[in-house]
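Have a look at the structure below, then the notes.
The structure displayed is predicted, hence computed values, not measured ones. Note that these values count all heavy atoms, side chains included, but never hydrogens, waters or copies made by symmetry. Every chain is numbered from 1, with letters handed out A, B, ... down the list of sequences.
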Number of protein chains: 2
Amino acid sequence: MASGASTVHGLRRRNRARVLWDLYLNGPGSRQRIGSAAGVSPGTVSNVLGGLMEEGLVLESGLVPSAGGRPSSIVQVNPAYGYVIGVDVGESSVLVELFDLAMGVCATNRSLTELTQLSPADVVTQVAGGVHAVLADAQVAESDVLGVGIGVPGLVEHSPLAVVHGQSVGWDAVPLEALLREQIALPLAVGNGAKLLGQAEHWFGAARGEADVVIVLIGQGVGASIITGGSADLGPMSSAGEWGHTAVSIDGRICRCGARGCLEAYVGAGAILQRYEELHGMPARTGDLERRTDELLARVDIDPEVAEVVDESVRYLGAGIANLVNVFSPRRVVLGGWLGRQLAELRMPEIHAAAERNALRTPFRDVTLLRAELGADAVALGAATLPVSRFLSSGGDREAVLGATATSTA
Amino acid sequence: MASGASTVHGLRRRNRARVLWDLYLNGPGSRQRIGSAAGVSPGTVSNVLGGLMEEGLVLESGLVPSAGGRPSSIVQVNPAYGYVIGVDVGESSVLVELFDLAMGVCATNRSLTELTQLSPADVVTQVAGGVHAVLADAQVAESDVLGVGIGVPGLVEHSPLAVVHGQSVGWDAVPLEALLREQIALPLAVGNGAKLLGQAEHWFGAARGEADVVIVLIGQGVGASIITGGSADLGPMSSAGEWGHTAVSIDGRICRCGARGCLEAYVGAGAILQRYEELHGMPARTGDLERRTDELLARVDIDPEVAEVVDESVRYLGAGIANLVNVFSPRRVVLGGWLGRQLAELRMPEIHAAAERNALRTPFRDVTLLRAELGADAVALGAATLPVSRFLSSGGDREAVLGATATSTA
DNA sequence: TGCCCTTGGTTTACGCCTTGAAAGAAGTGG
DNA sequence: CCACTTCTTTCAAGGCGTAAACCAAGGGCA
């Protein structure tokens with residue numbers, strides 16, 4: 001435990017990890033490209049790849065003719081080497097997905113939660129059930145699974161097992177990881193849902209390839225995933241998700257967290273509905289929050305009263321984005337979450353303008369606002385990146401990943 | 001350039017760097033302690049230290065008797081191995097300080113700037129003059145200087161030479177590093193002043209030894225230095241200093257940056273004076289901003305009108321701190337800057353209460369608010385940590401540090 | 001068809017590194 | 001004076017990456 005980084009074995013592990021990461025993020029490629037991209041000499045690339053191929057972790061997948069020379073052979077990670085599971089514990093359902101190493105979906109399982117309240121015990125049961133269901137569904141053995149990532153609403157504290165504080169869903173210090181361990185005998189990693197959505201967009205979506213980027217998640221709750229220097233490790237508790245509870249208007253409207261003037265009290269779905277109600281009386285009251293919001297937004301172009309409410313939200317959203325831009329100077333800001341994506345579609349120019357009004361010129365000059373690309377299963381996908389990330393960083397050491405009683409990191 | 005981390009030479013460099021960092025931050029110690037703290041085997045410690053001592057970079061400085069065994073010999077970095085210079089380009093003066101490697105002050109030079117405006121050319125002249133003055137003063141040869149760190153107000157963009165955007169002092173894309181290079185033939189590193197103050201507090205002050213901490217800087221301007229996971233690399237431009245321009249009250253008071261509702265428009269020194277004037281007419285008008293503010297604050301306990309203004313600032317400050325706590329969940333928040341230190345002294349309980357009102361319970365539970373420990377030269381000290389940091393991370397490779405035309409990092 | 005050229009990948013001699021174990025060094029207590 | 005403890009150094013052994021030479025596989029051209 002003490003050694004590992006300073007040793008010469010660690011060097012090899014790091015080089016394996018570099019090669020694997022490059023292969024994973026930049027796609028299949030020739031040995032030459034891998035060498036220069038990962039900063040490793042050609043000889044070492046061959047050496048390392050030799051080992052990896054023997055273990056079946058990477059495979060040769062074709063030749064690319066080159067302009068008058070020996071053609072490159074392309075290597076890639078073997079998607080079938082192992083599987084990972086991503087879980088999205090949402091406020092209305094639990095989604096479990098089984099992926100191969102290339103993040104191809106192999107099986108899916110969704111179970112609805114009671115809308116009333118999220119009981120930890122029920123969630124644990126549903127997660128465990130979902131995990132077993134997808135494995136059975138795709139006929140994958142547990143021993144072929146490298147790990148399970150779980151995205152939850154609220155703060156995740158690692159001490160060292162994950163404890164979840166979900167102020168908005170009534171979870172107070174729920175020892176989720178310990179509970180899950182009793183029913184799942186696989187390596188677990190628990191993370192904040194907003195952060196994981198961000199990671200998914202960063203690996204596979206609109207934030208791809210950018211080292212400094214912020215992904216905003218707007219739904220009922222409001223969060224942000226902040227990625228600087230290519231990684232998202234901000235704060236000991238994955239708390240960057242709590243952007244929604246930053247004050248943008250002291251003494252402003254009261255938020256469900258209890259404080260005043262939180263961003264979420266202006267741009268969250270609940271806020272929009274409530275604001276419309278205050279101004280213009282009750283909107284349609286059927287269906288869940290998401291449906292009611294959708295119905296409202298559908299009328300934005302024809303109903304000035306709706307437009308008024310939306311525009312107010314947009315102003316606050318812009319200011320919130322400006323705050324992020326000022327502090328982090330990302331190069332992209334990605335708007336995600338079911339409501340965020342809709343707002344991006346309906347009001348992107350206005351959001352941009354509102355942000356510009358409040359941001360400093362210099363950092364704002366270099367920023368691009370984008371709509372998130374991934375769909376409804378982005379959180380599950382992001383959750384699945386946790387075990388993948390662990391696996392790659394270990395240099396593809398299956399034993400290390402499985403053996404560890406695994407302090408979960410997220 | 002391509003290699004360096006993956007190679008076996010790099011391994012040695014990293015191990016040297018580990019040992020040096022441990023020695024530097026955790027103070028002198030026995031070989032045994034170094035070994036376990038840095039995660040290196042005893043043999044390697046001896047080996048590495050042998051080299052370092054031969055180069056004169058570390059030296060043996062005494063024995064510590066142990067309970068019935070061979071006494072440990074204590075090693076420490078040699079303060080006289082080299083020198084570094086820290087520069088604080090403030091809004092009213094340029095302070096240049098020469099330090100030895102142990103950050104002992106060897107010489108100081110302060111030159112006042114015209115209060116009217118900060119002309120880049122004048123600043124460059126003053127910095128260069130100050131550098132030569134302190135060297136002459138302490139009779140240190142240029143060749144013994146490992147580098148010069150410079151703290152400036154405003155955003156610093158590395159592209160790759162440092163370009164400074166100081167919206168509040170009228171600097172728009174000033175290529176400061178290029179200008180300085182023409183007059184100073186030493187490795188340079190430019191950084192945001194707020195961030196550097198934070199680094200100083202982190203290495204030597206109230207934030208010492210804590211991996212996740214936020215240092216707030218309040219003077220005329222308002223900034224924050226955010227340290228997560230032990231390092232402060234947030235954003236490609238060291239922009240974390242721009243916390244003062246985050247909106248806490250949309251449509252609120254207008255800030256000198258042009259936007260509305262910035263935190264700085266409520267808690268900066270100018271804001272306090274102006275607010276008092278609005279409410280109660282002109283305060284004393286003699287002296288500079290700092291003196292006038294001091295005079296006002298001196299009356300806070302006897303003049304309810306002053307107290308009213310201060311308390312308003314404190315409320316906003318608390319909300320701003322809460323925002324930082326929610327997003328980063330630091331374990332300490334340190335209040336620095338000449339005004340910040342005063343507010344901490346006068347109103348710490350009120351600041352704490354205001355922050356608590358706006359923060360989420362979970363992250364706030366673990367946070368401690370502290371007053372900064374370092375004095376008026378903290379920015380210069382922090383600036384001097386830049387070349388030191390570079391030197392230590394290089395594993396104490398003097399040539400590497402001096403040779404590099406040095407992409408400045410901060 | 002045969003030769004050279006270009007480009008991609010592989011092998012090998014070499015030097016360097018860390019480790020782990022064993023030996024050495026420096027005190028203490030009996 | 002001899003164990004015993006604690007800290008430090010030495011040394012053989014095993015691994016690693018690099019550089020440079022060396023194979024492999026085509027394309028173009030005569």
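Rounded to a whole Å, the CZ atom of A:Arg12 is 18 Å from the P atom of D:dG14. Spacing between atom CD of A:Gln32 and atom C1' of C:dT10 amounts to 13 Å, rounded to whole angstrom units. Atom-to-atom, CG of A:Leu11 to P of D:dT18 comes out at 8 Å; the value is rounded to the nearest Å. Remark: C1' of D:dT8 and CD of B:Glu60 are 10 Å apart, rounded to the nearest angstrom. Computed from coordinates, the B:Leu63 CG to D:dC7 C1' distance equals 11 Å when rounded to whole Å. The nearest whole Å value for the distance from the CZ atom in B:Arg31 to the C1' atom in D:dT10 is 14 Å. Atoms CD (A:Glu54) and P (C:dT10) sit 13 Å apart, rounded to a whole Å. In this entry the distance linking CG of A:Asn47 with P of D:dA19 reads 15 Å, nearest Å.
Of the side-chain N and O atoms in B:Asn15, one or more sit less than 4.0 angstrom from OP1 or OP2 of C:dT18. A sub-4.0 Å separation between OP1 or OP2 of C:dT19 and a side-chain N or O of B:Ser41 is present. Remark: B:Thr44 is in phosphate contact with C:dT19, judged by side-chain N or O atoms under 4.0 Å from OP1 or OP2. In this model, the phosphate group of D:dG15 is not approached by any side-chain N or O of A:Thr7 to a distance below 4.0 Å at OP1 or OP2.
Between C:dG8, C:dG15, C:dT19, one nucleotide has an atom nearer to the side chain of A:Ser72 than all others, and that is C:dG8. The side chain of A:Pro71 has D:dG26 as its nearest neighbour among C:dT19, D:dG26, D:dG17. Closest approach to the B:His9 side chain among D:dT8, C:dG9, C:dC16 is made by C:dC16 (side chain taken as heavy atoms from C-beta onward). Of the listed nucleotides (C:dA25, C:dT19, D:dT10), D:dT10 has the atom at the smallest distance from the side chain of B:Ser46.
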For residues 47-62 of chain A, tabulate all N or O donor-acceptor pairs below 3.5 Å that involve a side-chain atom, not counting sequence neighbours.
residue	atom	partner	partner atom	Å
A:Asn47	OD1	A:Arg12	NH2	2.9
A:Glu55	OE1	A:Arg16	NH2	3.0
A:Glu55	OE2	A:Arg16	NH1	3.0
A:Glu55	OE2	A:Arg16	NH2	3.4
A:Glu60	OE2	A:Arg31	NH1	3.0
A:Glu60	OE2	A:Arg31	NH2	3.3
A:Glu60	OE2	A:Ser73	OG	2.6
A:Ser61	OG	A:Gln76	OE1	3.2

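For the pair A:Asp397 and A:Arg390, the salt-bridge criterion is not met [side-chain N within less than 4.0 Å of a carboxylate O].
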Filtered N/O pairs between nucleotides 27-29 of chain D and protein, under 3.5 Å:
none

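Using cut-offs of 30° and 60° on the angle between ring planes, the pair A:Trp203 and A:Tyr24 is perpendicular.
Between A:Ser389 and A:Trp21, the side chains place no donor N or O within less than 3.5 Å of an acceptor N or O (distance only, hydrogens not considered).
Atom CD in A:Glu210 sits 5.5 Å away from atom CZ in A:Arg331 (nearest 0.5 Å).
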Step by step, work out the ring-ring contact (aromatic ring centres under 6.0 Å, His included) result for A:Tyr81 and A:Phe391.
CA-CA 12 Å; A:Tyr81 178 80; A:Phe391 178 67; 5.8 Å; yes
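The side-chain heavy atoms of B:Ile34 and B:Val75, taken from C-beta on, include a pair separated by under 4.5 Å.
Summary of the strand contacts: A:Gly43 and B:Arg70 both lie near DNA chain D, and taking for each the nucleotide with the nearest heavy atom, the more 5' one is attributed to B:Arg70.
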